[in-house]
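Structure, as structure tokens:
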2 protein chains.
Amino acid sequence: MEDQEIRKAGLKVTVPRVKILELLETSPERHVSAEDVYKMLLAAGEEIGLATVYRVLTQFEAAGLVEKHHFEDGYSVFELNKGKHHDHIICVTCGRVEEFVDETIEKRQRIIAEELGFQISEHELVIYGKCLDKNCDCKKRGD
Amino acid sequence: MEDQEIRKAGLKVTVPRVKILELLETSPERHVSAEDVYKMLLAAGEEIGLATVYRVLTQFEAAGLVEKHHFEDGYSVFELNKGKHHDHIICVTCGRVEEFVDETIEKRQRIIAEELGFQISEHELVIYGKCLDKNCDCKKRGD
DNA sequence: GAGTGAATGCAAAAGCTTCTCATCTATTGG
DNA sequence: CCAATAGATGAGAAGCTTTTGCATTCACTC
């Protein structure tokens, strides 16, 4: 299970690494900060230091197991790498994050980069807006 | 000149504000960090505190005079608001920033937001890549 | 030109993230 | 199964960017 992925990444299979990977795979919220992970581990009764959480997430990122994003709040969020690229749309009211992929946008980006003489290594598109879903928690709470 | 814009923003016309706005208008690099601004002011012989630079830039942003962006390096960069929205492509080698606008991408974003039930307030698209321009400083330096 | 509310500078503090280092642990070979 | 060792961890210190508190100074109004 998780052990193999960690081993494949060239890392020793340790309790913190297994627990963090497990947590990323089972968390209801895919996009979590290091602090979130730390708190969830504490809540689950795991004694794992915040520094370790940062180290492990960084290693997982280097190994391609997770992706790191910089949304507008100043801290980073991590998510399990599902293998397929996608962009994000975030509700400025409730913070809900939705993912999407649009081949038209992807294609235009490649064309633009070429026109400007760049060789794309990656890109990050984030749309901010208000989610209009009546059933969203932020509507029920009225914030 | 600058005085009017500052006054229009509902702010008193002070030396720090005028100097910072001047600097943003004349700087060869459009995208600057607070630290950059601070250092440029020092270099120009101005005695303006870093805290003031942050405060002024934040006020300018609130007033719509400048825009703040979060690229991948952990700190924020500011640029003069020219009025028309644009996205960025950044060279991961030399840090050069180019701006672009693509109506196709803009349109797709509006459609995606609508489909997902969001009302767009803003968005940020950043493409990272290597610039292939032989004349770019980063090529000449060979980094 | 005086009065007042806002702006500034400095230092301290606050977030997030990384580093240091002593201690502990997973892995390997015997 | 155990010892040796390279690597991992935890706790706190430190680093960076950004914000805040407060006494002082300044811009605008009358």
Side-chain angles (χ1 to χ4, degrees), chain A residues 1-23 31-42 44-63 65-78 95, chain B residues 1-23 31-42 44-63 65-78 95:
Chain A
M1 32 212 281
E2 287 87 12
D3 295 18
Q4 297 315 313
E5 306 189 58
I6 294 172
R7 223 180 293 271
K8 248 189 294 177
L11 301 167
K12 284 187 181 174
V13 177
T14 63
V15 172
R17 285 173 183 153
V18 172
K19 292 294 175 192
I20 291 173
L21 193 49
E22 258 177 34
L23 195 152
H31 305 81
V32 291
S33 67
E35 187 79 30
D36 292 338
V37 171
Y38 176 65
K39 283 186 183 150
M40 290 164 114
L41 288 168
L42 277 191
E46 300 295 335
E47 299 273 324
I48 296 174
L50 184 55
T52 299
V53 173
Y54 274 101
R55 268 186 302 236
V56 170
L57 288 173
T58 303
Q59 293 158 343
F60 282 1
E61 191 200 1
L65 287 175
V66 307
E67 286 188 344
K68 187 181 185 179
H69 300 288
H70 305 261
F71 297 155
E72 277 205 344
D73 303 312
Y75 54 84
S76 309
V77 299
F78 298 81
Chain B
M1 31 210 281
E2 287 87 11
D3 295 18
Q4 297 315 314
E5 305 188 60
I6 294 171
R7 222 181 294 272
K8 246 189 294 177
L11 301 167
K12 285 187 182 176
V13 177
T14 64
V15 172
R17 285 173 184 156
V18 173
K19 292 294 175 194
I20 291 173
L21 193 48
E22 258 178 35
L23 195 152
H31 305 82
V32 291
S33 68
E35 187 78 29
D36 291 338
V37 170
Y38 177 64
K39 284 187 183 148
M40 291 165 114
L41 288 169
L42 277 189
E46 298 295 335
E47 299 273 324
I48 295 174
L50 183 55
T52 299
V53 172
Y54 274 102
R55 269 187 298 236
V56 170
L57 287 172
T58 302
Q59 291 159 345
F60 282 1
E61 191 200 0
L65 288 174
V66 307
E67 285 188 346
K68 187 181 185 179
H69 300 289
H70 305 262
F71 297 155
E72 277 206 343
D73 303 312
Y75 53 82
S76 309
V77 299
F78 298 82

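All chains are named by letter (A, B, ...) in the order of the sequence lines, taking the proteins before the strands, and each is independently numbered beginning at 1. The structure presented is a predicted model; accordingly, all values stated were derived computationally and were not measured.
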Quickly work out the [X] [atom1] to [N] [atom2] distance and round it to whole Å.
| X | N | atom1 | atom2 | result |
| --- | --- | --- | --- | --- |
| L57(A) | dT9(D) | CG | P | 11 Å |
| Y38(A) | dT9(D) | OH | P | 15 Å |
| D36(B) | dT18(D) | CG | P | 10 Å |

- Task: Mark yes or no for whether R17(B), through its side chain, and V56(B), through its backbone, hold a donor-acceptor pair below 3.5 Å.
- Result: no
- Item | Over all atoms of both residues, closest heavy-atom pair of V53(B) and I20(B) | CA-CD1, 4.0 Å
[atom1]/[X] to [atom2]/[Y] distance, rounded to the nearest 0.5 angstrom?
| X | Y | atom1 | atom2 | answer |
| --- | --- | --- | --- | --- |
| F78(A) | D36(A) | CZ | CG | 10.5 Å |
| E5(A) | L65(A) | CD | CG | 6.0 Å |
| D3(A) | L11(A) | CG | CG | 12.0 Å |
| K68(A) | H31(A) | NZ | NE2 | 15.0 Å |
| M40(A) | E22(A) | CE | CD | 12.5 Å |

- 5' precedence on DNA chain D between V56(A) and Y54(B) (nearest-nucleotide basis):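 Between the two, 5'-proximity favours V56(A).
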- Position toward the 5' end of DNA chain D (nearest nucleotide), G74(B) or V53(A):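 Between the two, 5'-proximity favours V53(A).
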Validation: residues 44-52 of chain A side-chain donor-acceptor distances under 3.5 Å, sequence neighbours left out:
residue, atom, partner, partner atom, Å
T52(A), OG1, R55(A), NH2, 3.3

- More 5' along DNA chain C: E47(B) or S76(A), using each one's nearest nucleotide? E47(B)
- Contact pattern, 5' to 3', of nucleotides 21-30 of chain D - B, S or - by protein heavy atom under 4.0 Å: B-----BS--
- Query: How large an angle, rounded to 10°, do the end axes of the helix from dG1(C)-dC30(D) to dG30(C)-dC1(D) enclose when each is built from five base pairs?
  - Reply: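 End-to-end axis angle for the helix from dG1(C)-dC30(D) to dG30(C)-dC1(D): 30°, rounded to 10°.
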- Considering only heavy side-chain atoms of T58(A), the closest of dT17(C), dT9(D), dT18(C) is dT18(C)
